[in-house]
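Right, one structure below, let's go through it.
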2 protein chains.
Amino acid sequence: MATPSIKEVAQRAGVSVGTVSNFLNRPGIVAPETRQRVQDSIKALGFVRNEAARHLRAGRSRTVGLVVLDVTNPFFTDLAEGAEALAYEHDTVVMLCNSKTDPVREGHHLDQLEQQRVMGILITPFDSTDPRLTALVDRGTPVVLVDRTADRGLCSVSVDDQLGGRLAGKHLIESGHRRIAFIGGPFTMQQVADRKAGITAIVEETGDVDLQHYEVDVMGVVEGRAIGEQLAALPARSRPTAAFLANDLLALGFLQGMAVAGLRVPRDMAIVGYDDIDFARAAAVPLSSVRQPAELLGRSAMELLQEEVESAERHRHRQVIFQPDLIVRDSSDFKRRR
Amino acid sequence: MATPSIKEVAQRAGVSVGTVSNFLNRPGIVAPETRQRVQDSIKALGFVRNEAARHLRAGRSRTVGLVVLDVTNPFFTDLAEGAEALAYEHDTVVMLCNSKTDPVREGHHLDQLEQQRVMGILITPFDSTDPRLTALVDRGTPVVLVDRTADRGLCSVSVDDQLGGRLAGKHLIESGHRRIAFIGGPFTMQQVADRKAGITAIVEETGDVDLQHYEVDVMGVVEGRAIGEQLAALPARSRPTAAFLANDLLALGFLQGMAVAGLRVPRDMAIVGYDDIDFARAAAVPLSSVRQPAELLGRSAMELLQEEVESAERHRHRQVIFQPDLIVRDSSDFKRRR
DNA sequence: TCAGGCGATTTAGACGATTCAACTGGGGTC
DNA sequence: GACCCCAGTTGAATCGTCTAAATCGCCTGA
């Protein structure tokens, strides 16, 4: 026995389909007695609304696509959390898609979302200049970039990565470090480049500080550890006394590398990471890290999208930029460790 | 200008909508010349299929819901990977939903999925005896339990957790350990209880082995570390020489606890975790762990679902159980470390 | 020349919910 | 008694796609 439709509900309640629809959407205009009958009928039949039919009629669905680079990364799940919270208030569903930093997967997800006529798409794109994104908008699906800054005709929410790099650099310099390593990669990634630019800027402003760059292909624990062991092998006199790593996974690996080599953190090597994931706080030596307001980012992206959907024609694209915070913990703090 | 429909495509190509539909679904029966014209028209207008309309017509959507307890956990993303791979082959979309171990969120997701008339739902439920699940099936949405064993009328795929516990225990006993700690919790969780039962069984079969239980509320890094420090504080004579932890996060924390207390792993304390997440391999001392075939689990779940969808009436529910593997690394291996 | 057949295409409903103009009937007003 | 009002309800049209049945040419073989 198939799921009953509004028609069967109407029949059983002895009313027309229009009334049932009214009950569902504008219960106020239905007479109390009728309301009760429809209610009972729905319950008795186990009626469940058919979203597909609603969408078809409405022209647009009540779903928003959220495409992220890596669902495993807590930064993105926090972001999703923020987006979902706001979506929930507006009776909207978020469809989470994991592109895994793969443009092909990303494209596939975008195709699917467009076919579903989603209300809009929030995306941390592999390449924010991808013409496909603006094409989507032209064909009527609003797109908001997340954790990326849009230049052209798109809305975006992002975090000031240059400032993040600056904060980390300032903190290390003020703690007395004069030989600092920046570790991240690939340097072609916007985020990484900006963080590097930030610390480079403050280093140059200060003068008399030696900043070294180490590039990695992937920002994972394994790579961080390798670089850590590499640095640890340098003679103490020329070795950096502090390292700023472009994400926390790198930093965690780096920390392990120090432990393996017998260097003490922060005494022999101060460490600052980026993202402030939960693991950072729970590490053997709690990790200092630059925190991004992930949840707020998600929430704001959803806000921009809803604004765009509602105001349609007269909508002006906006680029919102948030500021990161430096969270200082033991890994870069002499005083705490005594 | 709204997205064009099949109708406009037909008009521009000088054919009927039926032909366009045929082109889309059975291109073989359309004359090559006509095919070309339709093709061109689609391209010129930027036509994109409307899934909502297809669903409405077909009665069911081509989407499968996958509800997991924690998207941040690599185990579940690997699982999703397996499910998606098979889905892709069948031209199906997977909608990933994160319940965050919250029954309310889980319920909300289930409601949404049912309203969308998804093809079916794969779920690692908060409570596998939830009547809501069988209600879904009764109303026509197939459900397959993942990483849980169904007792009643449901399909399920799971991993033999008792065997996992057994493997870990056997390995430690054969390595010569006679005082072993089992750490996990809450013990009421099926998974945890099974792993505990597994190691308990082999311990009893062997005899002359002292197995101690430590229960935690949450299986996270912080808790593992706390227990680690607690054990490290015991006098060496009565302290367990090996620990089996019910997940890798606990084990990682435990490992940190050892480091902080100055105990060497595996010499002073051998460690075996569960799940074999990436972090386990990359830890300061690479972690031995019981691996679950996550991707296979996801793939099989999807297989069962598709089987159920296709054979409909004459489908018999099945419970598939996979076997875990023990991956031995340095944390429990004397020989490797010399 | 015509029946039959075949490939290609068209036509005509569904599918389920929503919406809106049209209707109903009871009550009040003049 | 004629009129209007209004809350409540109805019925039909609509959204875009798919499919089964109907139709159209055109060719072949008798």
Side-chain angles (χ1 to χ4, degrees), chain A residues 1-39 41-42 45-63 91 114-119 139-141, chain B residues 1-39 41-42 45-63 91 114-119 139-141:
Chain A
M1 163 203 47
T3 358
S5 80
I6 214 179
K7 204 152 113 194
E8 282 132 89
V9 172
Q11 203 158 33
R12 188 177 218 277
V15 297
S16 75
V17 293
T19 300
V20 177
S21 181
N22 281 336
F23 168 83
L24 293 169
N25 300 296
R26 291 172 296 277
I29 71 163
V30 178
E33 191 210 329
T34 316
R35 213 184 297 164
Q36 189 60 52
R37 279 216 313 285
V38 175
Q39 175 76 281
S41 173
I42 285 179
L45 294 173
F47 167 77
V48 176
R49 249 167 153 157
N50 184 326
E51 268 297 311
R54 304 186 74 191
H55 292 180
L56 178 57
R57 181 65 228 254
R60 279 275 146 194
S61 88
R62 291 173 17 263
T63 301
D91 195 25
E114 190 178 13
Q115 290 186 16
Q116 290 185 37
R117 297 288 192 279
V118 290
M119 239 178 71
R139 271 185 261 114
T141 304
Chain B
M1 165 201 50
T3 358
S5 80
I6 216 180
K7 203 152 116 193
E8 282 132 89
V9 172
Q11 202 158 32
R12 189 177 215 277
V15 298
S16 76
V17 294
T19 301
V20 178
S21 181
N22 280 336
F23 168 82
L24 293 169
N25 301 296
R26 290 172 295 278
I29 71 163
V30 178
E33 193 209 330
T34 316
R35 213 184 297 164
Q36 188 60 53
R37 280 215 315 282
V38 175
Q39 174 77 281
S41 173
I42 285 179
L45 294 174
F47 167 77
V48 176
R49 248 168 155 156
N50 185 326
E51 269 294 314
R54 303 186 75 192
H55 292 181
L56 177 57
R57 180 63 230 255
R60 278 275 148 194
S61 88
R62 292 176 14 265
T63 301
D91 196 24
E114 188 178 15
Q115 289 186 17
Q116 291 185 37
R117 297 288 192 278
V118 290
M119 240 179 72
R139 272 184 260 114
T141 304

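Naming convention: chains lettered A, B, ... in sequence-line order (proteins, then strands); numbering from 1 in each chain. Heavy atoms only: backbone and side chains are in, while hydrogens, waters and symmetry mates are out. The structure presented is a predicted model; accordingly, all values stated were derived computationally and were not measured.
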OP1 or OP2 of C:dT18 under 4.0 Å from side-chain N/O of A:R26 = no
A:L45 to A:P4 - nearest heavy-atom pair and separation | O-CG, 3.3 Å
For B:S21, check side chain to side chain donor-acceptor pair (under 3.5 Å) against everything at least two apart and list the hits.
-> B:N25
Rounded to the nearest Å, what distance is computed from the CD atom of residue B:Q116 to the C1' atom of nucleotide C:dG16?
-> 15 Å
Residue list, side chain to side chain contact (heavy atoms under 4.5 Å, CB included) with B:S61, at least two apart or on another chain | B:H55, B:T63, B:V118
Close side-chain approach of A:V9 and A:F23, heavy atoms under 4.5 Å | no
Separation of C:dA17 atom P from B:R117 atom CZ, nearest Å, is 7 Å
Do any of residues 47-59 of chain A sit with a heavy atom less than 4.0 Å from DNA chain D, and if so which?
-> A:L56, A:R57
Do any pairs count as a salt bridge (Lys or Arg N to Asp or Glu O under 4.0 Å) and have a residue in residues 6-16 of chain A, sequence neighbours left out, and if so which ones?
-> none
Sugar-phosphate, base or nothing in reach of B:S5, heavy atoms under 4.0 Å = sugar-phosphate
Does a side-chain heavy-atom distance below 4.5 Å link A:V30 with A:V15?
-> no
Taking side chain to side chain contact (heavy atoms under 4.5 Å, CB included) as the test, write out the residues that go with B:Q36, two or more places apart.
-> B:Q39, B:D40
Between atom CZ in A:R60 and atom P in C:dT18, what is the gap in whole Å?
-> 18 Å
How close or far is atom C1' of D:dC18 from atom CD of A:Q115, stated in whole angstroms?
-> 15 Å
What residues, two or more places apart in sequence or in another chain, satisfy side chain to side chain contact (heavy atoms under 4.5 Å, CB included) together with B:R60?
-> A:T3, B:R117, B:T141
Nearest-angstrom distance from the residue atom CD of B:Q11 to P of C:dT11 | 13 Å
How far does the helix from C:dT1-D:dA30 to C:dC30-D:dG1 bend, going by the axes of its first and last five pairs, to the nearest 10°?
-> 70°
Spacing of A:R62 atom CZ relative to C:dA17 atom P, expressed in whole Å | 13 Å
Taking atom C1' of D:dC15 as reference, at what distance in whole Å does atom NZ of B:K7 sit?
-> 10 Å
Using the salt bridge (Lys or Arg N to Asp or Glu O under 4.0 Å) rule, collect all pairs that involve residues 17-38 of chain A, keeping only residues at least two apart or in two chains.
-> A:E33-A:R37
Look for any protein N or O under 3.5 Å of an N or O in nucleotides 8-12 of chain D and output each such pair with its distance, or none.
unit_1	atom_1	unit_2	atom_2	d
D:dT9	OP1	A:T34	OG1	2.2
D:dT9	OP2	A:A31	N	3.1
D:dT10	OP2	A:S16	N	2.8
D:dT10	OP2	A:S16	OG	3.1
D:dT10	OP2	A:T19	OG1	2.7

Residues passing the salt bridge (charged side-chain N to carboxylate O under 4.0 Å, His left out) test with A:R62, sequence neighbours excluded, are A:E51, A:D91
Give every pair of a protein N or O atom and an N or O atom of nucleotides 23-28 of chain C that lie under 3.5 Å apart, one pair per line with the distance.
none

Please examine the side chains of A:S16 and A:T19, heavy atoms only from C-beta on, and report whether any two atoms are closer than 4.5 Å.
-> yes
CD/B:Q11: more than 12 non-hydrogen atoms of other groups inside 6.0 Å = no
